[in-house]
Student: 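Below is the structure I would like to discuss, written out as structure tokens.
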Amino acid sequence: MLDRKKIRDDPELIKAKLATRGDEYADIVDRIFQLDADERKAQVELDGLRRERKELSKEIGRLMKGGNEAQAEAKKKTVKDINEKAAAVEEHFNAIQDERVSLLAILPNLPDDSVPVGGEEARQIIKEHGEEGSLAFEGNDHVDLATALNLIDFPAAGRVSGSGFQFYVGLGAELQRALINLMLDIHIGEHGYREMRPPFMVKPEAPFGTGQLPKFKEEMYHVFTPLEQVEHDPAGHPDYYLVPTAEVPVCNYYRGCILPPETLPVKLVAYTPCWRVEAGHYGHEARGLRRVHEFDKVELVVLCAPEESDGFLERMTGEAERVLELLELPYRRVLLPTGDMTFASAKTYDLDVFAVVSGEWLEVSSASNTGDFQSRRANIRFRRDANAKPEFVHMLNASGLALPRVVIALLENNQLEDGTVTVPDALQKYMRGIERLTPPENPLPFLD
RNA sequence: GGAGAGGUGGCCGAGUGGUUGAAGGCGGCAGUCUCGAAAACUGUUAUGCGGGUUUCCCCCGCAUCGGGGGUUCGAAUCCCCCCCUCUCCGCCA
């Protein structure tokens with residue numbers, strides 16, 4: 001959420017900055033500017049009326065005590081008139097405020113000045129680590145490898161849940177666990193994060209806080225209480241969202257709170273499954289593990305003082321890179337341009353890994369500084385000193401990492417000509433010392 | 001799922017219709033005292049929005065006692081709905 005005062009102070013500047021993210025925002029900013037002025041005018045009027053009422057009511061109390069009923073009754077009439085007027089002003093005020101708030105909620109964050117302006121073509125490759133490389137033989141892609149090695153049963157997932165889901169089987173399932181544990185251990189042990197296991201279903205307020213709602217409602221799975229219960233109890237527990245990323249529950253951990261001095265920075269790491277609708281993506285884009293409805297991810301979240309967030313973005317991105325280095329995967333760091341960033345972000349780095357057979361760079365991490373955009377929405381503040389005024393914290397998140405595309409690169413890049421796949425050193429101790437993925441002696445039949 | 005109890009400021013806790021945004025205590029901060037500290041004493045100590053002044057200094061107003069709605073000239077206080085917490089029983093991984 002942008003600060004309404006910023007729009008009040010310099011609407012043209014806000015319009016210019018938002019124009020780099022899309023052309024639909026100028027009108028909204030103008031409208032908010034107008035509503036803000038009207039709202040304040042209405043508030044002054046309303047506050048004045050309420051003040052009058054308050055004073056008169058006190059006076060009535062005094063008159064009643066003094067036995068002066070006739071005068072009291074006369075004043076009551078006056079207050080009733082004031083109330084009628086106030087009710088009308090209040091209705092007007094509420095209508096303006098509702099519109100202003102809902103418009104403000106659909107404006108994205110302002111991009112940081114260091115972010116390149118433009119669309120996909122303006123992406124900047126900041127850093128490359130490792131070679132794109134190629135295989136000395138004709139390799140298989142991850143779907144064929146995962147199937148041949150009895151790691152992932154795609155047809156079974158289709159039967160049970162539909163496309164976009166997977167059954168990880170045997171070493172495939174172990175590989176998932178190993179990757180999750182490796183990542184968690186690195187971030188906890190080497191990078192000083194605290195692990196958190198958040199709820200996987202959240203109330204609508206949570207994705208509002210992080211910025212998925214209201215604009216991107218259609219990208220999350222929505223879970224409803226059984227109809228019978230709702231009829232029985234219309235107001236109770238209306239709905240939940242399945243978390244699209246751990247960022248949603250973890251960032252909302254301190255929703256509505258004022259953090260005492262010495263609390264910051266708060267560094268949290270969480271593993272969760274992530275659920276995404278990903279509507280409209282089929283074909284090559286979605287083959288195998290490229291784009292799925294449910295996947296595993298380890299996520300880093302930092303809450304810090306405003307002056308520290310720039311530094312944390314660099315650090316967190318580096319921490320995600322560390323995992324790729326341990327996995328010995330070639331990667332590059334990309335600075336996203338204004339038109340490519342997610343709604344809440346002021347600055348984002350993506351990490352892409354190279355998958356040799358697919359011949360593509362695949363996004364496995366996204367590290368974003370959201371500044372005070374999310375903390376305003378989720379109302380998370382802190383005090384520098386015991387008696388200092390509360391300030392909004394800065395919030396950052398970074399995937400560290402999302403598993404499916406890591407698995408793609410791991411399988412494709414590490415395959416040998418005999419069809420087996422080597423396990424990187426760092427991962428072996430998480431996989432019972434297994435050095436190579438080979439077809440099991442008695443595979444679980446994958447049946448079409 | 002059944003029965004009961006309860007939600008007030010950073011914390012504890014008073015308050016059942018009229019200067020109560022809220023007594024009292026604890027904690028925090030500042031000061032006095034002290035070589036210093038403790039103790040004691042004094043003062044201060046919620047958040048948001050708005051207006052004025054003006055720029056971070058103050059003044060003023062409004063709202064907020066779990067959330068929402070209602071009654072009333074006036075609600076922390078009365079009524080209704082919801083949420084949450086705790087205790088006991090039941091059920092269950």
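In what follows, every chain begins at residue 1, and chains take the letters A, B, ... in the order their sequences are listed. Computed over heavy atoms, backbone and side chain alike; hydrogens, waters and symmetry mates excluded.
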Student: Think A/R383 has a side-chain N or O under 4.0 angstrom from the OP1 or OP2 of B/rU47?
Tutor: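 Yes, A/R383 has a side-chain N/O under 4.0 Å of OP1/OP2 on B/rU47.
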
Student: Taking only nitrogen or oxygen atoms into account, show me every contact under 3.5 Å that the protein makes with nucleotides 64-68 of chain B, one pair per line with its distance.
Tutor:
none

Student: A/D385 has an atom CG; how far is it from atom P of B/rU45, in whole Å?
Tutor: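 Taking CG of A/D385 and P of B/rU45, I get 17 Å after rounding.
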
Student: Could you measure between the two P atoms, the one in B/rU71 and the one in B/rU55, and give it in whole Å?
Tutor: 48 Å

Student: Partner lookup for B/rC88, please. Criteria are Watson-Crick or G-U wobble with both distances under 3.5 angstrom; report none if nothing qualifies.
Tutor: B/rG2

Student: Can you check the A/E90 CD to B/rC49 P distance for me, whole Å?
Tutor: 19 Å

Student: When rounded to the nearest Å, what value does the distance between P atoms of B/rA5 and B/rG9 take?
Tutor: 22 Å

Student: Is it true that A/D144 and A/R287 have a side-chain N and a carboxylate O under 4.0 angstrom from each other?
Tutor: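 Yes, A/D144 and A/R287 are salt-bridged.
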
Student: Checking base pairs now: Watson-Crick or wobble, both atom distances under 3.5 Å. What partners B/rG10?
Tutor: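 Paired with B/rG10, as far as the under-3.5 Å criterion goes, is B/rC26.
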
Student: Within less than 4.0 Å of OP1 or OP2 of B/rG50, is there a side-chain N or O belonging to A/R51?
Tutor: no

Student: Do A/I186 and A/R322 have side-chain heavy atoms sitting under 4.5 Å apart?
Tutor: yes

Student: Expressed in whole Å, how much space separates the P atoms belonging to B/rG7 and B/rG15?
Tutor: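 These two P atoms come out 11 Å apart once rounded.
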
Student: Assess the side chains of A/E314 and A/Y349: does a donor N or O sit below 3.5 Å from an acceptor N or O?
Tutor: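 There is such a pair between these side chains.
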
Student: Distance check needed: B/rC62 P versus A/E39 CD, whole Å only.
Tutor: 18 Å

Student: Rounded to the Å, how far apart are A/I380 CD1 and B/rG48 P?
Tutor: 15 Å

Student: For A/K297 and A/T245, does a side-chain donor sit closer than 3.5 Å to a side-chain acceptor?
Tutor: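 Judged by distance alone, the side chains do pair up.
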
Student: Mind checking the P distance from B/rA14 to B/rG69? Whole angstroms is fine.
Tutor: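 Between the two P atoms, the distance is 29 Å.
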
Student: Return the value, rounded to whole Å, for the distance between atom CG of A/N94 and atom P of B/rC49.
Tutor: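 Distance check: A/N94 CG to B/rC49 P gives 17 Å.
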
Student: Do the charged groups of A/R384 and A/E307 touch, with an N to O distance under 4.0 Å?
Tutor: yes

Student: For B/rG51, does OP1 or OP2 lie under 4.0 Å from any side-chain N or O of A/R40?
Tutor: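 It does, given that an N or O in the side chain of A/R40 lies less than 4.0 Å from OP1 or OP2 of B/rG51.
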
Student: Between A/Q97 (CD) and B/rA63 (P), how many Å, whole number?
Tutor: 14 Å

Student: Do you know the tightest heavy-atom contact between A/L410 and A/P424?
Tutor: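 Result for this residue pair: CD1-CG, 3.9 Å.
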
Student: Report the nucleotide, chosen from B/rG51, B/rC49, B/rU47, that has the shortest atom-to-atom distance to any side-chain atom of A/P390.
Tutor: B/rU47

Student: Would a 4.5 Å heavy-atom cut-off, applied to side chains only, mark A/L327 and A/L182 as touching?
Tutor: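 Yes, at least one pair of side-chain atoms sits under 4.5 Å.
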
Student: Between B/rA39 and B/rU32, how far apart are the two C1' atoms, rounded to whole Å?
Tutor: 13 Å

Student: Hey, does A/L149 have a side-chain heavy atom less than 4.5 Å from the side chain of A/V421?
Tutor: yes

Student: For B/rU16, what is the paired nucleotide under Watson-Crick or G-U wobble rules, both distances under 3.5 Å?
Tutor: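 Answer to the pairing question: none, since B/rU16 forms no Watson-Crick or G-U pair.
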
Student: Find the partner of B/rG48: check Watson-Crick (N1-N3 plus N6-O4 or O6-N4) and G-U wobble (N1-O2, O6-N3) distances, both under 3.5 Å, and reply none if neither fits.
Tutor: B/rC62

Student: Could you tell me if the side chain of A/Q34 sits less than 4.5 Å from the side chain of A/D30, heavy atoms only?
Tutor: no

Student: Kindly indicate, with the supporting measurements, whether the criterion salt bridge (Lys or Arg N to Asp or Glu O under 4.0 Å) is fulfilled by A/E90 and A/R50.
Tutor: CA-CA 10 Å; A/E90 189 174 359; A/R50 283 174 170 167; 3.5 Å; yes

Student: Using the C1' atom in both, what is the distance from B/rA75 to B/rG70, to the nearest Å?
Tutor: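 That atom pair is separated by 11 Å.
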
Student: Taking C-beta and beyond as the side chain, do A/P207 and A/M220 meet within less than 4.5 Å on heavy atoms?
Tutor: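 Heavy-atom side-chain distance check passes, below 4.5 Å.
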
Student: Measure the distance from CG on A/N68 to C1' on B/rG18 and round it to the nearest whole Å.
Tutor: 16 Å

Student: OP1 or OP2 of B/rA63 sitting under 4.0 Å from any side-chain N/O of A/K54?
Tutor: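 Yes, within the criterion.
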
Student: Quick check on RNA chain B: between A/A388 and A/D36, whose nearest nucleotide comes earlier from the 5' end?
Tutor: A/A388

Student: Let me know the distance between CG of A/L49 and P of B/rG50, rounded to the nearest Å.
Tutor: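 In whole Å, B/rG50 P and A/L49 CG are 19 Å from each other.
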
Student: Of the nucleotides B/rG50, B/rU47, B/rC62, which has the atom closest to the A/R381 side chain?
Tutor: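 Of the candidates, B/rU47 comes closest.
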
Student: Should A/F382 and A/T263 count as side-chain neighbours, where that means a heavy-atom distance under 4.5 Å?
Tutor: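 Of all side-chain heavy-atom pairs linking A/T263 with A/F382, none is under 4.5 Å.
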
Student: If pairing requires Watson-Crick or G-U wobble contacts with both distances under 3.5 Å, which nucleotide is the partner of B/rA76?
Tutor: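 Base partner found: none.
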
Student: If you find the nucleotide of RNA chain B closest to A/R8 and the one closest to A/K203, which residue's nucleotide is nearer the 5' end?
Tutor: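 Checking each residue's closest nucleotide, the 5'-ward one belongs to A/R8.
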
Student: With rounding to the closest Å, how many angstrom separate the P atoms on B/rU77 and B/rG67?
Tutor: 11 Å

Student: Given the C1' atoms of B/rC56 and B/rC62, what is the spacing between them in whole Å?
Tutor: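 Each nucleotide's C1' atom is 22 Å from the other's.
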
Student: Taking pairing as Watson-Crick or G-U wobble with both contacts under 3.5 Å, can you name the mate of B/rG31, or confirm there isn't one?
Tutor: B/rC41

Student: I'd like a table of atom pairs between the protein and nucleotides 69-73 of chain B - only N or O on both sides, under 3.5 Å - with the distance next to each one.
Tutor:
| residue | atom | partner | partner atom | Å |
| --- | --- | --- | --- | --- |
| B/rC73 | O3' | A/N83 | ND2 | 3.4 |
| B/rC73 | O2' | A/S57 | OG | 3.1 |

Student: What contact category does A/K41 fall into here, base, sugar-phosphate, or nothing, at under 4.0 angstrom with non-hydrogen atoms?
Tutor: nothing

